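A short write-up of the structure that comes next.
Letters A, B, ... mirror the listed sequences (proteins, then strands); counts begin at 1. All values reported here derive from a predicted model rather than from experimental measurement.
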Protein chains: 2
Amino acid sequence: MVKITDVARHAGVSPSTVSYALSGKRPISEETRRRVEESVRLLGYHPHAGARALAGRRSDVLALVVPLRAGIDVPVVMRFAVSVVTTARRYGHDVLLLTQEEGEEGLRRVVDTGLVDALIVMDVQLHDPRLPLLRHLDRPSVLIGFPADSDGLTCVDLDFKAAGEACVEHLARLGHRVVALVGSPPEVYVRRTAFAQRVVQGFTAAADRNRLSSAVHPCEASPVAARAVAEQLLREQPALTGVVIHNEAVLEPLIDAFEELGLRVPTDLSITAICPDEVAESLRVPVTSIALPSSEVGSQAVELLMRKLDGKAVPEATLLPPTMTQRAGTARRTAE
Amino acid sequence: MVKITDVARHAGVSPSTVSYALSGKRPISEETRRRVEESVRLLGYHPHAGARALAGRRSDVLALVVPLRAGIDVPVVMRFAVSVVTTARRYGHDVLLLTQEEGEEGLRRVVDTGLVDALIVMDVQLHDPRLPLLRHLDRPSVLIGFPADSDGLTCVDLDFKAAGEACVEHLARLGHRVVALVGSPPEVYVRRTAFAQRVVQGFTAAADRNRLSSAVHPCEASPVAARAVAEQLLREQPALTGVVIHNEAVLEPLIDAFEELGLRVPTDLSITAICPDEVAESLRVPVTSIALPSSEVGSQAVELLMRKLDGKAVPEATLLPPTMTQRAGTARRTAE
DNA sequence: GGATGATGTCGAAGCGCTTCGATTGCTCGC
DNA sequence: GCGAGCAATCGAAGCGCTTCGACATCATCC
């Protein structure tokens, strides 16, 4: 194994000079730097990570904590993870994979052992038990999603309010005047109120702004509930032509229910959803949708972390703008 | 940060004794060991990973290289990764996540820097450019899948031959006498011949053993090709009642084609597939299938790696037995 | 023209751990 | 009853790197 002293000897300088030439932490003459780099290349020198971590008190490794629990959308997590790794590498960092299962202990372990010098935590719950720890750890962290109290934490997520608005604006532009939001099931509200409620806010605000008649209905994650909500909607808003669905589980049942009730998508009813693209695409009638931009969230999280590692200040909340993908499920309102 | 000298002082012993007490590499009196452990707990001591890696010349970290390319089944990869992390933790190891994109350089980097002391490589290609490197690296590795030449490498995968056999045996037990295999598209054969061909071997062997009339048809990954193959099958084997499909992409189109040709699944035609459970389940008619046991492959890979790290010999090839999940797509042959 | 800064380089200390003798008491066996 | 042998512990060296202070060199400025 080739070490820094080998490079130093080969380049005819001292080990410390090699170190400075590579890190740039002290001025080194152009001439010397080139000689050192040449030697590094020739000898195939790779600094020992452990030695570095020990002397430099930083490991250049990030921890990524991925969720395990059921109901997690796997492709989203995977895209996110890949984006984190790719971005981290651009900053010379590696990524240690941890599972939710490790809990607080696991976080403390990787930090205390000096294995990682920053953390990315996915699937943050409203009252996540790891929050106090993350707050008091002397290592920077970034959360994906917003807990109930995000004070003193750095969080990244889709701007759900803007997403709700965008759905309505889209429907409004297509001429729809009566719209409804089918929201998340109660469980979701319990765990992650913040994000579900922000959709409602955005939806309502945009509907009011556009002077649309609107209604909001939470919905259980079952076909039976979907059917009931569909019937209720038509009863209460007979002129309904635009629906926003923020509830993956009932997307399909809801469309089925509407069609069974005699409404064709998109001829009679336009549908937009907030859900992963895979879900929106694989429907019988693919719907226009806004997805969590997993890759951007991943790279954004890493970039925030890098700034924090550099001692720079970062905003506590980063809300990513929604992007809408138009599909067959929405159409211009047919004049009646 | 609490270090080993703190623990030593607190326990009234020397640092080396603490080290030995914790590693068990030298006999330490019961009494002392308990005192040390007590101090460790009380002080919340976590040995510094870098220092350990430096002095002990092992990092207790495994690299996991995950594929990026399109066409990869994401849930399978994810399950695999989670299983690797979970199993690794049981052995006191952590997992560094790398993407395929890093290539050979990336592997060399994490090894040369001493960041990891073993590697798990997924999605190994038939003539993978990383093979020579993996062979000559002085760190153990385990591959998921079999390259063309697996000499000197440790590989784990589903026993595809047994899977092919199991499908046929299942159909035979249900009374089917005329069966066919719809195989992978040519691209797959190019990249990973071994595994596709082993399915054919198993299929043929089991068919012969059961004295079934059988045929094998590769199939392009398009609905058009699927339709063509379906028609060809019925022409060449009019008495066909059992089909094994080893080609995710045409599973759905093929079933559609059969039904359009007047064959109902499973009444007229029983179908078994080798594909991820998600795929088999989400079909209009869920088919009986054999999936890659991702979790087992993951834990198996880690266990092999641990044995190699301990200097023990391990088999070069580990073939995991197939497990069949019965679904609506197969039925007893109806007497005619 | 000698004090003043840069600029570029070196030597040595030290990061926190493991590990290799060496040392100290013991228990045995004869 | 004394050396052999073993169990338990200690001290010190060293893993490969970063970083701090020191030093040498050279241009700069009244």
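Taking the salt bridge (charged side-chain N to carboxylate O under 4.0 Å, His left out) definition, one finds that A/Arg79 meets it with A/Glu278, sequence neighbours left out.
A donor-acceptor pair under 3.5 Å is absent between the side-chain atoms of A/Arg139 and the main chain of A/Leu119, judged by distance alone.
The shortest side-chain heavy-atom distance between A/Val18 and A/Val13 falls under the 4.5 Å cut-off.
An end-to-end axis angle of 40° holds for the helix from C/dG1-D/dC30 to C/dC30-D/dG1, taken from five base pairs per end and rounded to 10°.
Between A/His48 atom NE2 and C/dG16 atom P there is a gap of 17 Å when expressed in whole angstrom units. Regarding B/Ile4, its CD1 atom lies at a distance of 5 Å from the P atom of C/dC17, rounded to whole Å. A straight line from OH of A/Tyr20 to P of C/dT7 spans 16 Å, rounded to a whole angstrom. The nearest whole Å value for the distance from the CG atom in B/Leu54 to the C1' atom in D/dA13 is 13 Å. Remark: P of C/dC17 and CG of B/Asp60 are 14 Å apart, rounded to the nearest angstrom. At whole-Å resolution of the value, NE2 in B/His46 and C1' in C/dC15 are 19 Å apart. We find that CG of A/Leu22 is positioned 10 Å from P of D/dC17, with the value rounded to whole Å. Nucleotide C/dT9 holds its P atom 8 Å from the CD atom of A/Glu31, rounded to whole Å.
Within the nucleic acid shown, B/Thr32 comes within 4.0 Å of sugar-phosphate atoms alone, with no base atom in reach, counting heavy atoms only. Residue-level contact check: A/Pro47 touches the backbone only, with heavy atoms under 4.0 Å from sugar-phosphate atoms and none from bases. Residue B/Ser16 is in base contact, counting any heavy-atom pair closer than 4.0 Å across all strands shown. If you check every strand for non-hydrogen atoms under 4.0 Å, B/Arg26 touches a base.
Along DNA chain D, the nucleotide nearest B/Pro15 and the nucleotide nearest A/Ser19 are compared for position; the residue whose nucleotide lies closer to the 5' end is B/Pro15. Of the two residues contacting DNA chain D, namely B/Glu30 and B/Gly56, the nearest-nucleotide position lying further toward the 5' end is that of B/Glu30.
Using a 4.0 Å cut-off, no side-chain N or O of A/Lys3 falls inside it from OP1 or OP2 of D/dC17. Phosphate contact (OP1/OP2 of D/dT9, side-chain N/O of B/Thr17, threshold under 4.0 Å): absent.
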Next item on the list: Verify salt bridge (charged side-chain N to carboxylate O under 4.0 Å, His left out) between B/Glu102 and B/Arg109, making sure each step is shown before the conclusion.
Entry: CA-CA 9 Å; B/Glu102 300 248 359; B/Arg109 182 178 64 82; 3.5 Å; yes
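Remark: A/Arg41 does not engage A/Glu37 in a salt bridge, criterion side-chain N to carboxylate O under 4.0 Å.
Taking only side-chain atoms of B/Arg52, from C-beta outward, the nucleotide of C/dT9, C/dC17, C/dC10 with the closest atom is C/dC17. Comparing atom distances between the A/Met1 side chain and each of D/dG16, C/dC10, C/dT18 picks out D/dG16 as nearest.
Considering all non-hydrogen atoms of both residues, A/Arg307 and A/Pro315 come closest at NH2-CD, 4.3 Å. The two atoms that bring A/Asp123 and A/Arg130 nearest to each other are O-NH2, 3.7 Å, heavy atoms only.
A 6.0 Å sphere centred on CD of B/Glu105 holds no more than 12 heavy atoms belonging to other residues, nucleotides or ligands.
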